[in-house]
Amino acid sequence: MAKAAKTAIKTKDQKAAAEAKNWTKVIKAVRSPKSGAYTFKEAIVHKDKIKDFMNEK
């Protein structure tokens with residue numbers, strides 16, 4: 001029974017699932033100039049914009 005429910009959810013909206021695969025969670029370590037400690041900046045970015053996110057300060 002659980003297998004049928006899992007299949008129903010998977011096939012419900014294939015277009016949205018395909019679009020979701022184009023997004024990535026990116027985590028970047030940012031060093032503080034004052035204390036030298038690292039903080040982490042995270043964002044969900046389109047796969048075409050990952051390099052832009054990593055290059056920004």
Side-chain angles (χ1 to χ4, degrees):
M1 184 184 260
K3 189 173 185 180
K6 185 176 179 182
T7 305
I9 293 170
K10 186 175 181 180
T11 59
K12 188 181 261 188
D13 194 3
Q14 292 178 349
K15 185 176 179 184
E19 179 64 27
K21 290 180 182 179
N22 292 328
W23 295 86
T24 305
K25 183 175 184 179
V26 183
I27 302 171
K28 178 170 121 176
V30 180
R31 189 170 188 162
S32 171
K34 203 176 218 183
S35 66
Y38 284 96
T39 58
F40 297 96
K41 182 179 178 185
E42 56 183 78
I44 297 176
V45 181
H46 195 271
K47 68 180 183 179
D48 296 336
K49 306 285 182 176
I50 293 174
K51 285 188 178 183
D52 296 335
F53 176 79
M54 295 304 285
N55 290 332
E56 72 182 25
K57 291 188 176 189

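The chain is numbered in sequence order, starting from 1. Since the structure is predicted, the reported quantities are computational estimates derived from the model, not experimental observations. Heavy atoms only: backbone and side chains are in, while hydrogens, waters and symmetry mates are out.
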Name each donor-acceptor pair under 3.5 Å that joins a side chain in residues 16-25 to protein atoms two or more places apart or in another chain, with its distance.
| residue | atom | partner | partner atom | Å |
| --- | --- | --- | --- | --- |
| N22 | OD1 | K47 | NZ | 3.4 |
| K25 | NZ | E42 | OE2 | 3.2 |

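- Not counting sequence neighbours, K49 has no partner by the side chain to side chain donor-acceptor pair (under 3.5 Å) test.
- In this structure, F53 is not a member of the same hydrophobic cluster as I27, with clusters built from ILVMFWY side-chain heavy atoms closer than 4.5 Å.
- As a member of the Ile/Leu/Val/Met/Phe/Trp/Tyr network built from side-chain separations under 4.5 Å, Y38 groups with nothing else and remains a singleton.
- Between E56 and K41 there is a salt bridge, with a side-chain nitrogen of the basic residue lying less than 4.0 Å from a carboxylate oxygen of the acidic one.
- T39 meets the side-chain contact (heavy atoms from CB on, under 4.5 Å) test with V30; sequence neighbours excluded.
- Applying the salt bridge (Lys or Arg N to Asp or Glu O under 4.0 Å) test to every pair with at least one member in residues 26-37, sequence neighbours left out, gives no pairs at all.
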